[in-house]
Each structure stands twice: as structure tokens, then as C-alpha cells.
Protein chains: 2
Amino acid sequence: MSDDAEQLRADARENRNRILEVAREAFTRRPEASLNSIAKAAGVGAGTLYRHFPSREALLAGVYRKEIEELAALAPALVLQHPPMKALGLWFERFTEASGIKHGVGETLHAAVSEQDMRDTFGILKEAVGRLLFACEQAGKIGPGIPPEDVLVLLSSVLRIAPTAEGRQQARRIQDLIVRGITAGEATVQR
Amino acid sequence: MSDDAEQLRADARENRNRILEVAREAFTRRPEASLNSIAKAAGVGAGTLYRHFPSREALLAGVYRKEIEELAALAPALVLQHPPMKALGLWFERFTEASGIKHGVGETLHAAVSEQDMRDTFGILKEAVGRLLFACEQAGKIGPGIPPEDVLVLLSSVLRIAPTAEGRQQARRIQDLIVRGITAGEATVQR
DNA sequence: ACCTGAACACCGTTCAAGT
DNA sequence: ACCTGAACACCGTTCAAGT
């Protein structure tokens with residue numbers, strides 16, 4: 001929602017956007033692309049890139065922020081259009097499919113503890129999942145008090161899976177397992 | 001089980017072991033420790049390290065192999081000593097606790113598709129989980145045909161969690177969610 | 001205010017030369 | 001048969017000098 005590029009001088013904002021464009025491309029091609037190479041491709045000095053994005057993670061967050069915000073915004077929309085459990089399932093699928101999310105969320109989750117930028121982005125996703133879970137809860141489909149962040153951590157495991165045909169099947173199976181876990185409520189967990 | 005250092009000349013085997021020792025220490029302190037610094041600390045040339053471990057991942061696998069093998073060996077032992085579901089729960093806890101596993105398995109899972117070393121190590125863990133699941137299945141506690149690799153991928157998500165007190169609680173909750181997902185058998189997954 | 005790009009210390013990796 | 005360590009190309013990051 002917030003633009004993050006509001007009070008910038010015209011040339012600075014242009015640079016910022018160009019960096020984000022180039023970075024998105026570069027990361028899609030090769031997730032380990034160097035920041036120097038991105039700066040060069042964007043036609044800016046290395047220092048400029050570092051001024052806008054002080055760390056690799058900050059750049060990642062910048063690149064995928066829009067995508068993540070869209071994904072989050074989808075949650076309430078799905079809740080309106082579908083029965084709660086169906087909405088949850090559909091959102092899970094979207095989460096897995098969103099290609100950019102792969103890198104973006106992975107890093108976000110990983111760094112959510114330390115980096116501030118990340119906490120924000122993570123918070124957006126957490127809220128989205130919370131909304132979905134709440135709807136399911138209201139409908140009596142799941143037990144109360146399942147922390148959205150737990151679901152998100154669990155869901156993040158599918159991001160590691162390679163995007164082969166086989167991998168996609170596995171991702172689907174894993175999504176189902178998560179849904180079942182949520183659905184089961186108080187089950188026979190033994191210690 | 002296999003030693004991996006069988007047919008080596010005496011000095012080579014010594015070097016190999018020293019590298020593994022130093023690397024374990026270094027990775028524990030700082031997961032991104034450079035390979036050059038490890039070589040130096042181990043008192044060997046960089047080339048020697050690369051001869052033994054051609055990639056960072058190979059070194060990680062070497063470092064954590066023993067630990068992973070022990071964890072895997074624990075599975076059948078637990079099955080003999082406890083009811084199946086309890087054995088599963090205990091093994092999950094051990095998996096989460098094993099500190100070295102954190103780095104080792106994370107990388108292993110990530111690279112399991114490409115690297116051969118990794119496939120082997122991953123296979124060992126997969127077999128262990130398979131054993132646990134089979135016991136639960138035999139006891140009629142879970143549905144049949146849950147792929148061990150799915151459980152492992154899911155379980156790997158807890159490895160990202162920071163080892164704070166709060167984090168440990170979350171890890172525990174997530175383990176429970178996984179167990180519930182497995183237990184639920186065919187549930188109300190909607191599409 | 002913002003940008004450039006040379007400079008620094010360090011990285012992974014290779015390979016000729018040694019034993 | 002194995003090891004050393006200098007060398008290479010590249011990395012992230014900083015910062016004086018420019019506009």
C-alpha cells in the first residue's frame with residue numbers, strides 16, 4: 001500500500017525503480033546475482049544501490065513487496081467469494097504458485113527476526129493468513145487459536161521444492177497435509 | 001555407516017578429519033564462515049580442502065553426516081521402545097533439537113535435488129521417517145501412503161526458527177500440527 | 001540531496017610447483 | 001598420491017569527490 005518512494009527527488013525515484021526492475025529480472029534468472037552486477041545493469045553506481053537498499057535482503061523485500069502485498073490482499077477477497085475452507089485451500093495454492101514469492105518469502109521468513117523491513121512484510125502475510133483462519137474458525141471448521149505464523153512457517157517449506165512436475169505434486173500433497181493438521185483440532189498428539 | 005575415508009593415505013585422512021573438526025566449529029559459530037578461513041584454521045592449503053570437499057554443500061554434508069546418521073539410527077530404536085505415535089513424536093523432537101542438524105539438514109534438503117552426496121544423506125533420513133510412519137500405519141494410527149519425504153520437507157520448516165525460548169515453543173506447536181496432519185488421514189480438503 | 005566509481009578487504013576456485 | 005599457496009576474477013561495502 002505505502003509507496004516507499006514518496007519523498008524522493010525525481011532522479012532518485014527513477015533510480016530506485018530502475019534498480020527494482022533490473023533486480024527482479026536478475027533474481028529471477030539467478031537468485032545469487034551480485035549486487036554490483038545489478039547496480040551496473042541498472043546504470044547506477046554501487047553506492048546508489050546501497051543507499052536505497054542497505055542489504056541484499058532489503059533489496060529482495062523491495063522487489064517482492066508488491067507481489068506479496070497482492071497475495072495478502074487476495075485473502076479477504078477469497079473469503080468473500082468462497083466457503084472458508086475452500087478460500088484457505090485456494091490461497092495456499094496461490095502462495096505456492098507465486099513465482100517471485102519463492103525467493104522473496106524465503107528470505108523474508110528467514111530474516112523476519114532480525115531485519116525491520118522484513119518484519120513489516122511478514123506482518124502483512126501474517127494478517128492475511130489470520131483472516132483466512134478466522135473465517136474457518138467462525139464456520140466451525142477448525143479449532144480456535146492456531147497461530148497464523150505457524151501456518152506460514154509450515155507453508156514456507158514448499159518454497160524449497162524444485163518447480164518440476166514432480167515437485168508441484170509434492171507441493172500439493174504438502175498443502176493438503178497442512179490443511180489436515182489445521183482441521184484436526186485437538187488430536188492424538190502423544191508425548 | 002560407510003567411513004568415506006577408507007582408502008586414503010594416512011596424511012590425507014588426517015587432513016580430512018582435521019578439516020571436518022574445524023569446519024564443525026566454524027559453522028557452529030558462524031554459518032557463513034568462508035572455506036578459505038576454514039582451510040587456514042585447519043592448517044591446510046585451500047586446494048586440499050577443495051580436493052576433499054568440492055563444494056560448500058559437500059563440506060556441510062561431511063560435517064553433519066555422522067549426526068544425521070545417528071538421528072536416523074534412532075528411529076528403529078524408538079519404534080522398539082515405544083508405541084508408534086509416541087516414537088514418531090519423540091523423533092520429531094530430536095530432529096528439532098539436534099543443533100548441528102539445523103545447518104546440515106537445511107542445506108541437505110535444499111540441495112537434495114542436485115548434489116549426489118546430498119541425495120545419499122537425504123535417503124538415510126527418508127528411510128528413518130519411513131520406518132516410523134510404517135509402524136504408525138501398522139498400528140492403524142495413520143492412513144497409508146504418506147510419503148516420508150513430504151514429512152521431511154514439512155519438518156524442515158522448523159529449522160528456520162530462531163532458537164529462542166519463544167522459537168522453541170513455536171517449533172513444538174508446528175510439530176504437533178504436522179502430527180495432526182498425518183493422523184487425520186483423509187480429511188476435508190476442499191478445492 | 002543525491003550520485004559516481006575507485007578502492008579495500010575478502011571471497012571461491014584453480015593450478016603449477018613441490019614432496 | 002597428495003599438498004601448498006600464490007594467483008585470478010569477483011564479491012560486498014565504503015567513501016571522497018563530484019553535480
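Heavy atoms only: backbone and side chains are in, while hydrogens, waters and symmetry mates are out.
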How many Å lie between [atom1] on [X] and [atom2] on [N], as a whole number?
| X | N | atom1 | atom2 | result |
| --- | --- | --- | --- | --- |
| A/Arg51 | D/dT19 | CZ | C1' | 13 Å |
| A/Leu49 | C/dT4 | CG | C1' | 13 Å |
| B/Arg13 | D/dA1 | CZ | P | 17 Å |
| B/Glu14 | D/dT4 | CD | C1' | 17 Å |
| A/Phe53 | D/dT14 | CZ | P | 16 Å |
| B/Glu32 | C/dC11 | CD | P | 11 Å |
| B/Arg56 | C/dC11 | CZ | C1' | 10 Å |
| B/Asn17 | D/dC2 | CG | C1' | 15 Å |

Applying the Watson-Crick and G-U wobble criteria at under 3.5 Å, what pairs with C/dG18? Answer none if nothing qualifies. D/dC2

Please name the nucleotide paired to C/dG12 by Watson-Crick or G-U wobble geometry with both distances under 3.5 Å, or report none. D/dC8

Please work out which residues in residues 33-47 of chain A have a non-hydrogen atom less than 4.0 Å from an atom of DNA chain C and list them by number. A/Gly43, A/Val44, A/Gly45, A/Ala46, A/Gly47

Side chain to side chain contact (heavy atoms under 4.5 Å, CB included) with B/Val179: of B/Thr183, B/Leu177, B/Ile182, only one passes, and it is B/Thr183

If we ignore hydrogens and angles and just use 3.5 Å, is the side chain of [X] paired with the main-chain N or O of [Y] as donor and acceptor?
| X | Y | answer |
| --- | --- | --- |
| A/Thr48 | A/Val44 | no |
| B/Ser157 | B/Val153 | no |
| B/Ser37 | B/Ala33 | no |
| A/Trp91 | A/Ala72 | no |

How far apart are the closest heavy atoms of A/Ala135 and A/Val79, and which atoms are they? CB-CG1, 4.0 Å

Consider only side-chain heavy atoms of I, L, V, M, F, W and Y, link residues closer than 4.5 Å, and tell whether B/Val151 and B/Leu74 are in one cluster. yes

Contact nearer the 5' end of DNA chain C, comparing B/Tyr50 with A/Asp11: A/Asp11

Would you please confirm or rule out a distance under 4.0 Å between OP1 or OP2 of C/dC3 and any side-chain N or O of A/His52? yes

Can a side chain N or O of B/Asn15 be found less than 4.0 Å away from OP1 or OP2 on D/dC2? no

